[in-house]
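All heavy atoms count here, side chains included; hydrogens, waters and symmetry mates do not.
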Amino acid sequence: MKGVVFTGDRQLEIREFPEPRAGASEVVIEMRASGLCGSDFRTYRMPRSERGDLTQLKAVGHEPCGRVIELGPGVRHLKVGDRIMVHHYLGCGRCRWCLVGYSQMCIDPKAPKLYYGRTNHGGHAERIAVHETACVPMPEGLSYEEGAACACGTGTAYDAIKRLELCGRDTFAVYGGGPVGLSAVLFGVATGARVIVVEPVAYRRDLAKSLGAEVVIDPRATDPVGAILDLTHGEGADTTLDCTGIPEPRVNTIRSTRIYGRACFVGEGGETSFDVSRDIMHKQLTIHGSWTMSAVGLGEVARYVTDRRIPLKKLVTHRFRLEQAAEAYRVFESGQTGKVVFTWD
């Protein structure tokens, strides 16, 4: 079985691994699509010296989507042939957060925390063994590529939209036009909100526009806070979302939110400093942090996409074969893409 590993310093290898076998309560999934995620860059760019024992690396990719080809002992709710998205975390299965599907928030300190694509083989492999509780059936009408998008980036945007309680009366400013931000554009447009996107890459600004954003702002050419204030009669956006994880856009996310507005952060990484009194307290903001989605939420976003006919397929701009992994990550890192996926015939 072939799988992609990150060896550090923007280098990767395609390695041969033993064929997976389904253990107790596990299934083997044959991959049909696997998404590339911006959070991959943390390990992709990591110095080789920090990657540990390179012989023990697991296949990466935390947006797996495929079909069940083997059942292990004790599997109760799946059958061979089922189309599956993978919720890429696994916790103790017993604490309050695991029971509601947020296994990434497991609070049992003694339970091993599994992460498909890091501690266990992930979607950038031909086949993987996955615990039954991490498998989320796909609704009819959802393609494997769309399922891979939902499995992290699009699901992350959907959960953030829910936290913000976005509605059609809102002006909604999105910082960052990568796959998460572009997914937020699609959902914002579906609610009837007025969507503004702040993104430095022209390709992604154009893509945001094509997906329904009313206004796109280049933060290298225009002060985004001033521009958003101008567009909202000096008040600021009702709702804002940071998808960048970068200090300056995070601060601008807060500063461009109106009094009594709602802001949400989903972009990972680093520290950011705010003037809490001026930027938060005196504006009486509601601020949310949102971390991917639950297993239940993954099923919900997939149904929402199909039921509401969200044109998620337009988000997928680049498709690669697994053996083209090095090229795929170079292209994705350039920013000249929407969603990038590996696909199998």
Side-chain angles (χ1 to χ4, degrees), residues 33-43 60-65 85-89 97 100-105 115-118 122-123 134 136 138 142 145-166 172-191 193 195 197-199 204 207-208 211 239-246 249-250 253 262-270 287-305 308 310 312 315-316 332 337-341:
S34 181
L36 281 61
C37 178
S39 64
D40 292 345
F41 289 132
R42 290 198 300 277
T43 46
V60 294
H62 58 269
E63 299 182 349
C65 193
M85 303 172 290
V86 176
H87 187 248
H88 54 277
Y89 312 97
W97 300 114
V100 297
Y102 277 106
S103 50
Q104 67 267 42
M105 299 171 67
Y115 185 114
Y116 295 103
R118 186 179 301 162
V136 178
M138 295 170 59
L142 193 77
E145 293 176 359
E146 293 171 303
C150 288
C152 183
T154 298
T156 293
Y158 180 80
D159 231 41
I161 295 291
K162 288 179 64 180
R163 298 291 295 275
L164 285 168
E165 297 184 336
L166 190 69
F172 176 40
V174 179
Y175 284 80
V180 177
L182 292 169
S183 295
V185 170
L186 287 171
F187 294 135
V189 170
T191 68
V195 180
V197 175
V198 180
E199 166 57 48
R204 287 179 167 174
L207 185 53
L211 296 177
T239 50
T240 56
L241 175 66
D242 174 70
C243 305
T244 72
I246 300 170
R250 281 175 166 171
T253 295
R262 294 105 62 202
C264 185
F265 294 96
V266 298
E268 292 271 13
I287 299 177
H288 299 279
S290 190
W291 185 18
T292 55
M293 68 277 149
S294 67
V296 174
L298 176 51
E300 184 180 331
V301 64
R303 290 191 297 275
Y304 186 88
V305 167
R308 304 300 178 91
I310 305 298
L312 188 56
L315 183 68
V316 181
F332 186 38
T337 72
K339 187 67 181 174
V340 182
V341 295

Q. Which heavy-atom pair separates Val195 from Gly188 by the least distance, and what is that distance?
A. CG2-C, 3.9 Å
Q. What distance separates Ile310 CD1 from Leu315 CG, expressed to the nearest 0.5 Å?
A. 12.0 Å
**Q.** Leu142 side chain near Met85 side chain, heavy-atom distance below 4.5 Å
**A.** yes
Q.
Between Thr240 and Thr253 (side chain of the first, backbone of the second, donor and acceptor by atom type, cut-off under 3.5 Å), is there such a pair?
A. yes
(Q) Looking at Thr43, is its backbone amide N or carbonyl O close enough to the side chain of Asp40 to form a donor-acceptor pair, meaning the two atoms are under 3.5 Å apart? (A) no
Q. If you round to the nearest 0.5 Å, how far is CD1 of Ile287 from CZ of Arg163?
A. 12.5 Å
Q) Are the side chain of His87 and the backbone of Met293 linked by a donor-acceptor contact shorter than 3.5 Å? A) yes
Q.
To check you understand the geometry: which heavy-atom pair defines the closest contact between Cys150 and Val301, and what is its length?
A. CB-CG1, 4.1 Å
Q | Residues Tyr175, Ile246; criterion side-chain contact (heavy atoms from CB on, under 4.5 Å); working and verdict | A | CA-CA 10 Å; Tyr175 284 80; Ile246 300 170; over 6 Å; no
(Q) Give me the atom names and distance for the closest heavy-atom approach of Thr154 to Ser183. (A) OG1-OG, 2.8 Å
Q: Identify the two heavy atoms, one from Ala160 and one from Leu241, that lie closest to each other, and give their separation to 0.1 Å.
A: CB-CD1, 3.8 Å
Q: Have a look at Cys243 and tell me which of Val198, Val266, Val197 forms a side chain to side chain contact (heavy atoms under 4.5 Å, CB included) with it.
A: Val266
Q: Would you give the length of the straight line joining atom OG1 of Thr239 to atom CD1 of Ile161, rounded to the nearest 0.5 angstrom?
A: 7.0 Å
Q) Using a distance-only test with no angle check, is there a side-chain donor-acceptor pair under 3.5 angstrom linking Arg204 and Thr337? A) yes
Q | Within-4.5 Å side-chain heavy-atom neighbours: Phe332 and Pro179 | A | yes
Q) Going from CZ on Phe172 to OG1 on Thr191, what distance comes out if it is rounded to the nearest 0.5 angstrom? A) 8.0 Å
Q. If you take all heavy atoms of Ala149 and Lys339, which pair is closest and at what distance?
A. CA-CE, 4.1 Å
Q: Apply side-chain contact (heavy atoms from CB on, under 4.5 Å) to Cys65 and Val341, showing your working.
A: CA-CA 11 Å; Cys65 193; Val341 295; over 6 Å; no
Q | Ser290 vs Thr156, side-chain contact (heavy atoms from CB on, under 4.5 Å): CA-CA, chis, key distance, verdict | A | CA-CA 8 Å; Ser290 190; Thr156 293; 5.9 Å; no
Q: Check whether any side-chain N or O of Arg308 sits under 3.5 Å from a backbone N or O of Ala190 as a donor-acceptor pair, and report yes or no.
A: no
**Q.** Minimum heavy-atom distance between Leu164 and His288, given as atom pair plus value
**A.** CD2-CD2, 4.3 Å
**Q.** Worked verdict on Glu300 versus Lys162 for salt bridge (Lys or Arg N to Asp or Glu O under 4.0 Å)
**A.** CA-CA 11 Å; Glu300 184 180 331; Lys162 288 179 64 180; 3.1 Å; yes
Q.
Students often mix this up, so state it plainly: with edges at 30° and 60°, are the rings of Phe187 and Tyr158 parallel, tilted or perpendicular?
A. perpendicular
(Q) Any side-chain to backbone donor/acceptor pair from Thr244 onto Gly267? Under 3.5 Å, distance only. (A) no
Q) Rounded to the nearest 0.5 Å, how far apart are OH of Tyr115 and CD of Gln104? A) 9.5 Å
Q) Can you check whether Gly123's main-chain N or O pairs, donor with acceptor, with Ser34's side chain at less than 3.5 Å? A) yes
Q. Hey, does the side chain of His62 reach the backbone of His88 with a donor-acceptor pair shorter than 3.5 angstrom?
A. no
**Q.** CH2-OH distance between Trp291 and Tyr89, expressed to the nearest 0.5 angstrom
**A.** 5.5 Å
